[in-house]
There are 2 protein chains.
Amino acid sequence: MATEPLSRARIIAAAIDLIEREGADAVSMRRIAAELGFGVMSLYNHVPNKDALLNGVAETVLSEIEFTDDPDAHWTDRVRMQARAFRQIAHGHPRSTMLVVSRQLHSTAGLLPVERALATLRSAGFDGAHAVRVLRMFIAFIVGSLLREVGVTPTFAPDHRQTVEEVDATLFPEVSALSSLLHSCDHEAEYEFGVELLIQAIAVHPQRREGTR
Amino acid sequence: MATEPLSRARIIAAAIDLIEREGADAVSMRRIAAELGFGVMSLYNHVPNKDALLNGVAETVLSEIEFTDDPDAHWTDRVRMQARAFRQIAHGHPRSTMLVVSRQLHSTAGLLPVERALATLRSAGFDGAHAVRVLRMFIAFIVGSLLREVGVTPTFAPDHRQTVEEVDATLFPEVSALSSLLHSCDHEAEYEFGVELLIQAIAVHPQRREGTR
DNA sequence: GGGGGGTTACGTACACCGTACGTCGCTTCG
DNA sequence: CGAAGCGACGTACGGTGTACGTAACCCCCC
């Protein structure tokens with residue numbers, strides 16, 4: 001069997017695979033090497049260290065998301081589409097999401113979505129300062145939402161516990177009254193709600209100078 | 001010197017201290033024990049394992065934030081105040097923020113802010129479903145914002161690089177045109193902007209039945 | 001054809017990690 | 001005074017990232 005010769009790309013792919021199968025904690029250089037059928041130290045010919053490898057993972061996952069942008073659409077639709085695109089990360093690579101979100105990527109993979117978003121907002125008539133502000137707002141919302149969706153941040157959804165739980169109704173009346181709502185979370189609906197709320201809010205925002213498209 | 005006898009609280013305090021001084025990666029059971037002047041295994045008399053210790057850290061940091069709630073204030077002011085309170089985490093314990101945000105806390109420390117927020121929203125006239133939705137929206141925004149503030153998520157602010165950087169102006173025209181804006185980030189202003197935007201958006205939200213306060 | 005230099009695979013070794021387990025001393029109670 | 005319990009601690013095991021040295025290979029140039 002002609003085992004291919006090992007490469008940065010193959011190592012990263014194996015890491016992603018391992019993370020999705022067994023979680024981020026399962027990732028170790030030894031484990032990845034074993035998965036590929038090589039010795040541990042061979043990895044270091046292609047990757048300077050584990051940290052850089054994980055950056056590669058984040059970068060790869062991020063660059064895999066597909067944006068479909070229609071320059072002729074109304075700017076609100078373009079924003080909607082771009083915002084939705086990020087949810088592909090949570091869907092396609094749930095257990096890598098934390099990694100993607102928690103690493104500063106100064107590569108083109110990280111800058112491309114930013115460039116696209118800024119262009120859209122500028123073309124919608126936002127001046128530079130507001131475009132940046134609004135973008136940051138969206139990113140914060142998206143990061144927070146994805147982390148909730150992949151379960152690093154609480155949804156208050158069914159943890160292993162029994163049904164409606166032992167939250168003390170006298171100590172937490174609202175939580176216990178709303179517990180059934182708190183324990184179910186339709187991520188898609190929540191995300192759409194947030195995106196629409198933000199779009200509506202910024203569409204109305206006073207400091208946007210007129211002249212749309 | 002009468003070295004106090006070791007306790008869960010002292011261990012957690014030492015862990016927080018260590019994290020803030022040297023970062024989360026510096027935390028090890030051995031290191032914490034050394035810091036306190038005890039043997040490693042003594043820690044396990046007070047804490048079942050490292051994971052539980054880190055949960056304790058998150059819980060402690062979270063419970064330290066001070067909410068000042070005035071039940072007579074307008075609901076928008078109450079929401080504002082509660083949202084602002086969370087930023088204390090990023091200020092008081094920047095390097096622990098990631099921990100606080102990334103651990104599911106089913107204790108009272110984690111439920112108290114939820115209870116308070118829901119009560120406020122309910123009293124503002126939101127029905128249960130919308131109160132939960134809105135709360136989730138705020139939490140997502142807050143989590144995303146705090147992570148940006150403590151630097152786990154990019155601000156595009158001055159990393160160690162030289163001034164205005166080598167982003168390719170033909171590849172990323174908007175990014176490079178707005179680079180000075182992208183590279184400075186007034187966290188307080190960004191946060192306030194977001195909070196106001198959200199409050200304004202939900203205040204207008206149609207499905208809120210009338211009857212305020 | 002014969003080096004020789006660069007690249008890659010790999011084994012060994014070291015320092016560090018979390019923690020299971022057993023022991024020892026002290027404190028407290030019967 | 002003995003027993004029982006608990007907290008501090010040492011040792012040990014299996015895991016981690018990676019520095020370093022070595023050996024095989026390929027390709028180029030003399």
Side-chain angles (χ1 to χ4, degrees), chain A residues 1-60 95-96 98-100 102-105 152, chain B residues 1-60 95-96 98-100 102-105 152:
Chain A
M1 54 166 160
T3 33
E4 283 181 69
L6 207 48
S7 68
R8 181 181 144 94
R10 269 185 16 108
I11 294 172
I12 290 176
I16 294 179
D17 204 59
L18 184 55
I19 292 174
E20 294 304 328
R21 278 200 334 268
E22 306 194 19
D25 288 351
V27 174
S28 81
M29 299 304 270
R30 285 167 162 86
R31 192 69 204 291
I32 294 173
E35 211 90 359
L36 290 166
F38 286 87
V40 198
M41 294 316 289
S42 306
L43 302 184
Y44 288 91
N45 288 322
H46 306 271
V47 156
N49 54 48
K50 186 182 185 182
D51 208 61
L53 195 170
L54 294 182
N55 277 336
V57 167
E59 212 168 294
T60 302
R95 309 179 85 166
S96 306
M98 186 65 199
L99 227 51
V100 178
S102 70
R103 293 195 164 240
Q104 320 248 137
L105 305 176
V152 355
Chain B
M1 53 163 159
T3 33
E4 284 181 69
L6 206 50
S7 69
R8 182 183 143 93
R10 268 186 16 107
I11 293 173
I12 289 176
I16 294 179
D17 204 60
L18 184 56
I19 293 174
E20 294 305 327
R21 279 198 334 266
E22 306 193 19
D25 290 349
V27 174
S28 81
M29 299 304 271
R30 285 166 162 87
R31 195 70 164 45
I32 293 173
E35 210 89 0
L36 289 166
F38 287 86
V40 198
M41 293 316 289
S42 306
L43 302 185
Y44 288 90
N45 289 321
H46 306 271
V47 156
N49 53 48
K50 187 183 184 180
D51 207 61
L53 195 170
L54 294 181
N55 277 336
V57 167
E59 212 168 294
T60 302
R95 309 179 86 166
S96 307
M98 186 64 202
L99 227 50
V100 178
S102 69
R103 292 194 165 242
Q104 319 247 138
L105 305 176
V152 355

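If you're wondering where the values come from, they're calculated on a predicted model, not measured in any experiment. Convention: sequence-line order gives letters A, B, ...; per-chain numbering from 1.
Looking at the side chain of A:Met41, the nearest of the listed nucleotides C:dC10, D:dG17, C:dA9 is C:dC10. Listed nucleotides: C:dG18, C:dA9, D:dG17. Nearest to the side chain of B:Tyr44: C:dG18. Looking at the side chain of A:Leu6, the nearest of the listed nucleotides D:dT16, C:dA9, D:dG7 is C:dA9. Distance from the side chain of B:Asn49 is smallest for C:dT19 among the nucleotides C:dT19, C:dC10, D:dT16. Comparing atom distances between the A:His46 side chain and each of C:dA9, D:dT18, C:dT19 picks out C:dA9 as nearest.
Toward the 5' end of DNA chain D, the nearer of the two residues A:Pro48 and A:Ser28, judged by each one's closest nucleotide, is A:Ser28. Nucleotides of DNA chain C nearest to A:Gly39 and B:Arg31 differ in position, and the one nearer the 5' end is that of A:Gly39.
As rounded to whole Å, 14 Å separates atom P of D:dC9 from atom CE of B:Met29. Between A:Lys50 atom NZ and D:dA19 atom P there is a gap of 14 Å when expressed in whole angstrom units. Look at CG on B:Leu54: it is 14 Å from C1' on C:dC17, rounded to the nearest Å. Summarising the geometry, the separation between CG on A:Asp25 and P on C:dG18 is reported as 13 Å, rounded to the nearest angstrom. For B:Leu43 and C:dC17, the CG to C1' distance is 14 Å, given to the nearest whole Å. Note: CG (A:Asn45) to P (C:dT8) measures 6 Å, nearest angstrom. Distance CG (B:Leu53) to C1' (C:dC17): 15 Å, rounded to an integer number of Å. Per the geometry, CG belonging to B:Leu18 stands 11 Å off P belonging to C:dC17, to the nearest Å.
A salt bridge between B:Arg103 and B:Asp51 is present, with a side-chain N of the basic residue lying under 4.0 Å from a carboxylate O of the acidic one.
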message = The test is side-chain contact (heavy atoms from CB on, under 4.5 Å); show your working for A:Val27 and A:Leu53 and say whether it passes.
response = CA-CA 11 Å; A:Val27 174; A:Leu53 195 170; 5.9 Å; no
From CA spacing to verdict: side-chain contact (heavy atoms from CB on, under 4.5 Å), B:Arg10, B:His46 = CA-CA 10 Å; B:Arg10 268 186 16 107; B:His46 306 271; over 6 Å; no
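Heavy atoms only, all atoms of each residue included: B:Ala33 and B:Val40 are closest at CB-CA, 3.6 Å.
Counting distance only, with no hydrogens placed and no angle test, the side-chain atoms of A:Arg30 and the base atoms of D:dG15 include no donor-acceptor pair under 3.5 Å.
In this structure a side-chain-to-backbone donor-acceptor pair under 3.5 Å is missing from B:Ser96 to B:Leu99.
In this structure, A:Ser42 reaches the bases: a heavy-atom distance under 4.0 Å links it to at least one base atom across the strands shown.
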